[in-house]
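To keep things clear, I will list the structure first and then write my remarks on it.
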2 protein chains.
Amino acid sequence: MDVKTLCLGALTLGDASGYEIKKMFEDGPFSHFHQASFGSIYPALGKLGEAGLVSMREQSQDGRPDKKMYSITESGEVALRRKLGKTPADDRIRSEALVMFFLAEYMQPERLEKVFDGYLKSYHDKLNCMCEPDDSTLPPHRQFTRGLGRAFYQAAIDFMEENRHLLLGEEHSGDAK
Amino acid sequence: MDVKTLCLGALTLGDASGYEIKKMFEDGPFSHFHQASFGSIYPALGKLGEAGLVSMREQSQDGRPDKKMYSITESGEVALRRKLGKTPADDRIRSEALVMFFLAEYMQPERLEKVFDGYLKSYHDKLNCMCEPDDSTLPPHRQFTRGLGRAFYQAAIDFMEENRHLLLGEEHSGDAK
DNA sequence: ACTGTTATATATCGATACTATATATATCGT
DNA sequence: ACGATATATATAGTATCGATATATAACAGT
């Protein structure tokens, strides 16, 4: 799924600037299942504009650079629907931490423990920012994607907390310290 | 983590050709937490050879093209240890299917159901190929990474099976058919 | 026996995406 | 006052991938 399609998808949530679209992928609703960078978002918005799939208006700001607000057009929505009609590619997970755990025998034990604790904390943080706010007012399909994300993070956290001894050895377990 | 480091990591499991390294990322031990393509593996092996981090010997085959077998060198192992000493980047998950679920209102219901069923099946398949063979003979850190992968897939499968109505509506639930 | 598909091998090019950098001003923490 | 971060835009250089190319074996279907 290319970045132009992702931008169209992001704009279905409401008008946004390039910077705001980036935030949707970094910390917002898309952050748990896709990414996009400034290096691809700005060029994509330019091409979408040329193709008439988005429209743009500039908004001046006091003491700050002007903001370019983009909106999806009707032909943009048609193009999005067409893309969503295709078969999705397989999921891709890239986890440097898991590569490190897999190659743990090539790491210093203290270093491995630091990486493990940081990774566990980052998963707690991700879970925490998905547990609020309350999502009972969300449409069902949004509850679905959010719930699936939580299930992922919770399962990983539970497994890591219960099995840290497999990676770090017995003396690092739980509250033996 | 760049592809050269991934190739060094792959070669710690034993000598391999470019094609075999690709298979490790496609169907093998790394497939659940990282990817690499021919387009990056072959150039990476070339550069690793130039830098003395791997060595290579050609193996002729009957009726098939020659095979280039690569081995990690001592300086390759040193370089790998150094890379593993750095802080890993955050995990990146790219899931076109989840983007589609999130944007479900822009999809035809029949199409959404097909995507959902295909995605669920692909997760069952991934889980199945992680449940065999028995891993009790694996070193603990390998049991850890495999177990974490299983926990991920199992949690996703359970959530999807229990909550398909949120995405597809009541009439599509379980065995109401 | 023949044909199409898949597997086993190598490799590279063009397209896409990302990181780093650039510019500009506000806000925040020390 | 100063450094870090946030809010904004944008692009060049770099990395990665998908498509393509070449070659032969093995397999499945007819």
Side-chain angles (χ1 to χ4, degrees), chain A residues 1-8 10 15-28 30-31 34-51 54 56-70 83 86-94 96 99, chain B residues 1-7 10 15-28 30-31 34-50 54 56-70 83 86-94 96 99:
Chain A
M1 194 162 279
D2 66 334
V3 174
K4 294 202 282 298
T5 306
L6 293 171
C7 287
L8 290 176
D15 296 358
S17 64
Y19 184 87
E20 286 164 347
I21 290 173
K22 165 75 157 139
K23 281 303 188 186
M24 289 180 193
F25 287 99
E26 211 166 63
D27 308 313
F30 292 96
S31 62
H34 224 290
Q35 294 76 49
S37 66
F38 287 127
S40 46
I41 289 172
Y42 286 113
L45 290 171
K47 288 188 197 277
L48 289 168
E50 285 167 17
V54 302
M56 187 271 286
R57 72 181 189 283
E58 286 201 41
Q59 208 171 44
S60 63
Q61 302 191 104
D62 285 332
R64 273 184 171 171
D66 288 357
K67 191 187 225 185
K68 282 176 168 169
M69 294 297 286
Y70 293 88
K83 293 287 190 145
K86 296 181 191 290
T87 301
D90 282 344
D91 286 4
R92 297 201 192 182
I93 299 177
R94 280 178 199 265
E96 293 191 7
V99 172
Chain B
M1 195 164 278
D2 66 336
V3 174
K4 293 202 284 295
T5 305
L6 294 172
C7 287
D15 296 359
S17 63
Y19 185 88
E20 286 165 347
I21 290 173
K22 166 76 159 136
K23 282 302 188 186
M24 290 179 191
F25 287 98
E26 211 166 63
D27 307 313
F30 292 95
S31 62
H34 223 292
Q35 292 77 48
S37 67
F38 286 128
S40 47
I41 288 171
Y42 285 114
L45 289 171
K47 288 193 198 285
L48 289 167
E50 284 166 17
V54 303
M56 186 269 286
R57 74 181 189 283
E58 286 200 40
Q59 208 171 46
S60 62
Q61 301 192 102
D62 284 333
R64 274 185 169 169
D66 288 357
K67 193 186 223 183
K68 280 175 168 168
M69 294 299 285
Y70 293 88
K83 292 287 188 139
K86 295 177 188 293
T87 302
D90 283 343
D91 286 4
R92 296 197 193 186
I93 299 177
R94 281 177 199 267
E96 292 190 7
V99 172

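In what follows, every chain begins at residue 1, and chains take the letters A, B, ... in the order their sequences are listed.
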Problem set entry | With B:D90 via side chain to side chain contact (heavy atoms under 4.5 Å, CB included) - residues at least two apart | none
For this session: Would you give a per-nucleotide map of nucleotides 5-18 of chain C, 5' to 3', where B means the base has a protein non-hydrogen atom under 4.0 Å away, S means only the sugar-phosphate does, and - means neither?
Result: --SBBBBB----SB
For this session: Rounded to the nearest angstrom, tell me the gap between atom CD in A:Q59 and atom C1' in D:dT9.
Result: 14 Å
Exercise. How many Å lie between CG on A:L45 and C1' on D:dT11, as a whole number?
Worked result: 15 Å
Exercise. Do any N or O atoms from the side chain of A:E26 and from the backbone of A:S31 form a donor-acceptor pair under 3.5 angstrom?
Worked result: no
Exercise. Is B:Q35 reaching over with its side chain to a backbone N or O of A:I93, donor-acceptor style, under 3.5 angstrom?
Worked result: yes
Problem set entry | Nearest-angstrom distance from the residue atom CD1 of A:I21 to C1' of D:dA10 | 15 Å
Problem set entry | Any residue meeting side chain to side chain contact (heavy atoms under 4.5 Å, CB included) with A:M69, in chain and number order, not counting sequence neighbours | A:D15, A:S17, A:E20, A:R57, A:Q59, A:K67
Exercise. Is there a side-chain contact between A:T5 and A:L8 (heavy atoms, below 4.5 Å)?
Worked result: no
